[in-house]
Amino acid sequence: DSLKQNLGNNNDQFTILNLNIQCDRSKFNQLASMIQHLEENNIEPCAITLQETWINPCEDVAPYELLNFNLISQGFICGSKGGLFIYLNKKFNFIRRDLYTPSNCYEALYIDVKGGGLKRMLTLGNVYRPPRDNNNNNSIRNFLTPFAPTIYKLSREKSDTIICGDFNIDLIKIHERELYSEFLDLFLSNSFLPKITLPTRFS
């Protein structure tokens, strides 16, 4: 109900539903049912970004298409529990961007979006960084080193930019881990502001 209320109040905005789905094969029917339920309440996200689809790079993604959405897919690269989907509402046009170099540290998928009432081009990114070796500073550094130039580049383009994803970096601990703070500073110093300001996972 809260999802319907929040999205319903922002029908004039570019709304995105971001979710780590942890295996699209097993949860696609639930996802499709949720989107159908939202549409029945006159709520239609502009985009849906999914991480951990677990989809093989050679796998046919046609079974995972949603009505009224174009599916942009990237099979897993840095582990079998990776994989990214972007569902973009068909009222928008898109071009896939070549901003990601395959890595064993993270995965990323970028598109440029136009039309659909947008006043100017929007770049949408979907990023997944696995939690393995999360206590190892080298693993975080190995992610930040190739990821930072993309943020620098996007911050200097004449378009709006939204980066979604699951980074497996706990921003509550930025005062405990220097590299967590460096991760946040990378965005803030390039004029990116966090839109999620509350914890999204409790353990």
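When a residue number appears, it is its place in the shown sequence, counting from 1. Below, all heavy atoms of this structure are taken into account, side chains as well, without hydrogens, waters or symmetry copies.
The side-chain hydrogen bond (donor to acceptor under 3.5 Å, both in side chains) analysis of residues 54-66, with sequence neighbours excluded, yields the pairs Arg25-Glu59, Glu52-Trp54, Glu59-Tyr64. Pairs of residues two or more places apart, or lying in two chains, that qualify as salt bridge (charged side-chain N to carboxylate O under 4.0 Å, His left out) and include a residue from residues 169-197 are Arg141-Glu182. Sequence neighbours left out, the pairs with a member in residues 109-121 that pass side-chain hydrogen bond (donor to acceptor under 3.5 Å, both in side chains) are Arg97-Asp112, Asp112-Thr123, Arg120-Asp160. Applying the salt bridge (charged side-chain N to carboxylate O under 4.0 Å, His left out) test to residues at least two apart or on different chains, none of the pairs has a partner in residues 131-140. Within the structure, side-chain hydrogen bond (donor to acceptor under 3.5 Å, both in side chains) pairs that include any residue of residues 78-94 comprise Glu44-Asn89 (at least two apart or interchain).
Scanning for side-chain hydrogen bond (donor to acceptor under 3.5 Å, both in side chains) contacts around Ser191 gives an empty result, with sequence neighbours left out. Every ring pair (Phe, Tyr, Trp, His ring centres under 6.0 Å) that Phe14 has, sequence neighbours left out, goes to Phe92. Partners of Tyr180 by ring pair (Phe, Tyr, Trp, His ring centres under 6.0 Å), not counting sequence neighbours: none found. When the side-chain hydrogen bond (donor to acceptor under 3.5 Å, both in side chains) test is applied to Gln51, the partners found at least two apart in sequence or on another chain are Asn18, Asn126. Considering only residues two or more places apart in sequence or on other chains, Gln36 meets the side-chain hydrogen bond (donor to acceptor under 3.5 Å, both in side chains) condition with Glu40. Looking at residues two or more places apart in sequence or on another chain, you find a ring pair (Phe, Tyr, Trp, His ring centres under 6.0 Å) between Tyr100 and Tyr106.
Around the CG atom of Leu188, the shell of radius 6.0 Å holds more than 12 heavy atoms that belong to other residues, nucleotides or ligands.
Nearest heavy atom pair, residue Cys78 against residue Ser103, reads CB-O, 3.4 Å. A pairwise comparison of heavy atoms in Leu50 and Ile48 identifies CD2-CG2, 3.9 Å as the closest pair. Here the closest heavy-atom approach between residue Leu184 and residue Ile174 is recorded as CD2-CD1, 3.9 Å. The two residues Ala148 and Leu186 have their closest heavy-atom pair at CB-CD1, 3.8 Å. Closest heavy-atom contact between Thr15 and Pro45: OG1-CA, 3.5 Å. Residues Ser159 and Met121 approach most closely at CB-O, 3.2 Å, considering heavy atoms.
Between Phe147 and Phe143, the ring planes lie parallel to each other; the angle is under 30°, not in the 30° to 60° tilted range.
Considering only heavy atoms from C-beta on, Ser139 comes within 4.5 Å of Arg129 through its side chain. Ile21 places none of its side-chain heavy atoms less than 4.5 Å from the side chain of Phe28. Proximity of Phe183 to Leu171: side-chain heavy atoms (C-beta onward) are separated by under 4.5 Å at one or more points. Residues Leu71 and Leu66 fail the side-chain proximity criterion, which asks for heavy atoms closer than 4.5 Å. Taking 4.5 Å as the limit, every side-chain heavy atom of Ile163 sits out of range of all side-chain heavy atoms of Leu124. The shortest distance between side-chain heavy atoms of Asn190 and Arg156 falls below 4.5 Å. Using a 4.5 Å cut-off on side-chain heavy atoms (C-beta onward), Ser155 and Phe192 make contact. Residues Asp166 and Val127 fail the side-chain proximity criterion, which asks for heavy atoms closer than 4.5 Å.
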**Prompt:** Going through the distances and angles, do Leu122 and Thr161 end up as a side-chain contact (heavy atoms from CB on, under 4.5 Å)?
**Reply:** CA-CA 6 Å; Leu122 170 73; Thr161 303; 5.8 Å; no

**Request:** List the steps, then state whether side-chain contact (heavy atoms from CB on, under 4.5 Å) holds for Ile151 with Phe187.
**Result:** CA-CA 7 Å; Ile151 297 300; Phe187 284 98; 3.8 Å; yes

**Request:** Could you walk me through whether Leu84 and Ile86 pass side-chain contact (heavy atoms from CB on, under 4.5 Å), step by step?
**Result:** CA-CA 7 Å; Leu84 301 169; Ile86 296 177; over 6 Å; no

**Request:** Please report the C-alpha distance between Thr49 and Phe85 in whole Å, then the side-chain angles of each, then the deciding distance to 0.1 Å, and finally whether the side-chain contact (heavy atoms from CB on, under 4.5 Å) criterion is met.
**Result:** CA-CA 6 Å; Thr49 52; Phe85 278 179; over 6 Å; no

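The distance from the OG atom of Ser181 to the CD1 atom of Ile169 is 11.0 Å, given to the nearest 0.5 Å. Atom CD1 of Ile196 is separated from atom SG of Cys164 by 7.5 Å, given to the nearest 0.5 angstrom. Remark: Thr145 OG1 to Ile140 CD1 distance equals 11.5 Å, nearest 0.5 Å. Taking CD1 of Ile77 as the reference point, atom CG of Asn104 lies at 11.0 Å (rounded to 0.5 Å). Put simply, OG on Ser73 and CG on Asp24 are 9.0 Å apart, with the number rounded to the nearest 0.5 Å. Atom-to-atom distance recorded for Lys27:NZ and Thr53:OG1 is 12.0 Å, nearest 0.5 angstrom.
Both Leu88 and Ile162 are part of a single hydrophobic cluster, where members link through side-chain heavy atoms under 4.5 Å apart. Using a 4.5 Å cut-off between side-chain heavy atoms of Ile, Leu, Val, Met, Phe, Trp and Tyr, with links allowed through other members, Tyr152 and Leu193 fall into the same hydrophobic cluster. Phe69 and Leu19 fall within the same hydrophobic cluster, where Ile, Leu, Val, Met, Phe, Trp and Tyr residues are linked whenever their side-chain heavy atoms come under 4.5 Å apart, directly or through other members. Using a 4.5 Å cut-off between side-chain heavy atoms of Ile, Leu, Val, Met, Phe, Trp and Tyr, with links allowed through other members, Ile111 and Leu17 fall into different hydrophobic clusters.
In terms of modelled atom types and a separation under 3.5 Å, the side chain of Asn41 and the main chain of Ile43 share no donor-acceptor contact.
Here Ile95 sits alone; no ILVMFWY side chain lies under 4.5 Å from its own, so it joins no hydrophobic cluster.
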